[in-house]
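Comments concern the structure below.
These numbers were taken from a predicted model, which means no experiment stands behind them. Whatever order the structure lists ligands and atoms in, that order sets their numbers, starting from 1.
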Amino acid sequence: METREAFVLWKRQVLILFVLLGLSQAGPELVRYSVAEETEIGYFVANLARDLGLEVEELSSREARVVSDDNEKHLHLDLLTGDLLLSGKLDREELCGSKEPCVLHFQMVLENPLQFFRAELHIKDINDHSPTFLDKEILIKISESTTTGTTFQMESAQDLDVGSNGLQNYTIVPNSHFYIKIRDNEDGKIYPELVLHRALDHEEEPELRLTLVALDGGSPPRSGTTLVLIKVLDINDNAPEFPQRLYEVQVLEDTPVGSWIITTSAKDLDAGNYGKISYTFVHAAEDIRKTFEINPVSGEVHLRLRLDFEVIQSYTIKIQATDGGGLSEECTLLVTVIDINDNPPEVIMSSITKIIPENASETLVALFSVRDQDAGENGRIVCSIQDDLPFFLKPTFKNFYTLVSEKALDREEKAEYNITITVTDMGTPRLKTQHNITVLVSDVNDNAPAFTQASYTLRVRENNSPALHIGTVSATDTDAGANAQVTYSLLPPADPHVPLASLVSINADNGHLFALRSLDYEALRAFEFRVGAADRGSPPLSSQALVRVLVEDDNDNAPFVLYPLPAQGGRAGLTW
Ligand SMILES: *[C@@H]1O[C@H](CO)[C@@H](O)[C@H](O)[C@H]1NC(C)=O
Ligand SMILES: *[C@@H]1O[C@H](CO)[C@@H](O)[C@H](O)[C@H]1NC(C)=O
Ligand SMILES: *[C@@H]1O[C@H](CO)[C@@H](O)[C@H](O)[C@H]1NC(C)=O
Ligand SMILES: *[C@@H]1O[C@H](CO)[C@@H](O)[C@H](O)[C@H]1NC(C)=O
């Protein structure tokens with residue numbers, strides 16, 4: 001309560017004081033004191049009464065008091081002792097900011113009579129503030145191509161203290177790439193500048209975290225820090241790089257379309273667009289572009305078209321990787337096509353004789369060549385025919401073979417041969433091709449007609465009617481065609497007295513024998529002759545057979561008297 005009353009009173013008197021201040025000159029005496037800021041309340045500054053040459057008793061009687069220029073009650077005058085004491089903590093920074101020296105002006109006022117004494121209290125700075133940065137983190141983007149020596153302005157720290165307690169120095173840790181250059185400004189302040197002294201490399205260190213330390217000059221010094229985050233901006237200083245210059249891959253010929261072949265993947269140390277790689281075929285011939293495709297983003301190579309070892313055995317493909325900045329590199333992809341046994345062997349007939357004469361030895365039937373478009377074992381061929389045939393294969397020139405009959409053939413035994421030429425390759429699986437040839441054996445007249453019997457016996461009853469068919473001879477010829485066409489004939493009788501031509505005749509075509517006239521047992525009981533059968537070959541072959549004709553008796557004669565002789569024609573008597 002007391003302080004409140006005192007305060008009200010003091011306030012009123014201050015008003016008066018100011019009025020008076022405006023009017024009257026204060027006394028000439030100026031006393032100076034100093035005190036460190038933040039000193040405890042009640043600190044003894046000085047004995048003001050003594051310093052001003054006043055009696056202590058006067059102070060109470062004349063209502064002495066101290067009044068600060070700023071109306072704040074920093075000081076207290078002990079009226080009993082005349083001691084000037086601190087009545088509050090003094091904060092230099094609050095009172096004076098950055099102004100130096102920091103002086104608190106106050107007066108001691110006495111009444112009856114009114115008297116002023118001017119005094120100053122110097123408030124000495126203590127190092128009670130650390131340097132501080134407004135931002136806890138500072139971001140700086142620096143291109144990796146920046147040359148050393150380049151400087152970057154940095155935000156400065158604040159230290160409310162002054163003089164040597166104020167900001168004195170900056171450092172940066174670590175200082176691998178940068179150091180701090182202190183720049184003095186016209187206003188007496190110092191500013192830090194970041195100086196690059198070792199080139200940055202985005203690929204090595206895309207960002208750096210540094211600590212900027214601001215130091216004041218106090219004892220001990222105080223410091224403040226801020227994080228400096230340096231983003232190293234990439235420039236396209238790296239071309240894409242393939243891990244290998246040559247890729248080799250073997251691809252089976254029958255690899256399905258769309259299959260993945262290989263991935264050629266380049267690396268680019270640059271970031272962002274400069275590190276973005278696209279892949280293309282370069283200087284690629286039409287066949288490469290048709291057969292393969294590359295994914296521009298992933299570098300994967302796929303098959304677009306079926307491979308054919310028989311057409312192209314290998315492809316040399318140049319692949320280019322280009323980054324977003326246009327730098328590029330090439331690698332080579334060697335695709336070797338591996339043959340698979342996809343081609344059956346082939347038989348190519350050069351000449352063929354479909355009909356060979358019988359009885360001719362080693363006759364050429366066919367001349368042919370074989371081939372297989374596959375490689376290696378897949379293209380190695382063996383050639384055979386059935387082994388139960390009188391033919392054989394004879395390898396001739398290169399891949400030519402002849403098919404030859406091994407001995408004289410006999411048409412009559414076998415007139416037709418079906419020959420299967422089998423060509424097989426040695427691949428896996430084995431492929432084979434067959435070629436059928438039908439060989440006909442043509443006839444040679446090597447067989448004479450043969451009679452069914454070596455001799456024929458025909459019986460004819462006498463008195464036959466003329467031109468009676470009395471029997472047949474028959475001969476067969478195993479040859480064919482004209483060589484087998486038999487013609488029959490009567491051969492001249494051994495006994496020239498036999499009137500054969502008047503007795504019998506033979507049908508040349510079918511061997512039927514006819515009696516030309518009525519035979520008379522009593523006159524001719526038997527006779528014989530030879531028949532011939534000839535074929536129409538060239539030259540013709542023939543054979544013979546014996547024909548015996550027996551005339552059988554008929555009861556055509558009545559008993560008769562040998563003498564006298566009976567009359568002619570009596571024979572026409574009785575018949576069956
Ligand atoms: C500032 O600090 C650096 C490194 O700590 C030191 O080399 C330099 O002498 C200091 N400068 C001042 C003005 O104290
Ligand atoms: C045919 O074979 C016969 C024997 O059977 C022989 O006498 C003849 O000379 C052969 N002909 C040819 C053309 O070889
Ligand atoms: C030969 O083949 C043909 C047709 O396949 C057939 O008609 C004929 O009987 C065969 N000949 C032989 C002797 O196997
Ligand atoms: C060849 O003949 C064989 C045996 O007669 C038969 O199995 C095959 O199908 C024939 N091949 C051709 C191409 O006619």
To which protein heavy atom is [atom] closest, and what is the distance rounded to 0.1 Å?
atom                    : value
atom 4 (C) of ligand 4  : Thr420 OG1, 4.1 Å
atom 5 (O) of ligand 3  : Asn418 ND2, 4.5 Å
atom 14 (O) of ligand 1 : Asn169 ND2, 3.2 Å

For ligand 1, which atoms sit closer than 4.0 Å to a heavy atom of Thr171?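 Near Thr171, meaning under 4.0 Å from one of its heavy atoms, ligand 1 has 2 (O), 4 (C), 5 (O).
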
Is the number of heavy atoms from other residues, nucleotides or ligands under 6.0 Å of [X] [atom1] greater than 12?
X      : atom1 : value
Lys398 : NZ    : no
Tyr274 : OH    : no
Lys354 : NZ    : no

Which residue in the set Val370, Val347, Val423 passes side-chain contact (heavy atoms from CB on, under 4.5 Å) when paired with Tyr401?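 Only one of Val370, Val347, Val423 forms a side-chain contact (heavy atoms from CB on, under 4.5 Å) with Tyr401, namely Val370.
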
Return yes when at least one protein heavy atom is under 4.0 Å from [atom], and no when none is.
atom                    : value
atom 11 (N) of ligand 3 : yes
atom 7 (O) of ligand 1  : no
atom 2 (O) of ligand 1  : yes

Is it true that [X] and [Y] have a side-chain N and a carboxylate O under 4.0 angstrom from each other?
X      : Y      : value
Arg289 : Glu286 : no
Glu40  : Lys89  : yes
Arg209 : Glu207 : yes

Of all the atoms in ligand 3, which lie at a distance below 4.0 Å from a heavy atom belonging to Glu416?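 What qualifies from ligand 3 is 1 (C), 8 (C), 9 (O), 10 (C), 11 (N), 12 (C), 13 (C).
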
Under 4.0 Å from any heavy atom of Lys414, which atoms of ligand 3 are there?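 Ligand 3 atoms under the 4.0 Å threshold to Lys414: 13 (C).
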
Look only at interatomic distance and state if Asn436 has a nitrogen or oxygen under 3.5 Å from any nitrogen or oxygen of ligand 4.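 Yes; the residue has a nitrogen or oxygen that sits under 3.5 Å from a nitrogen or oxygen of the ligand.
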
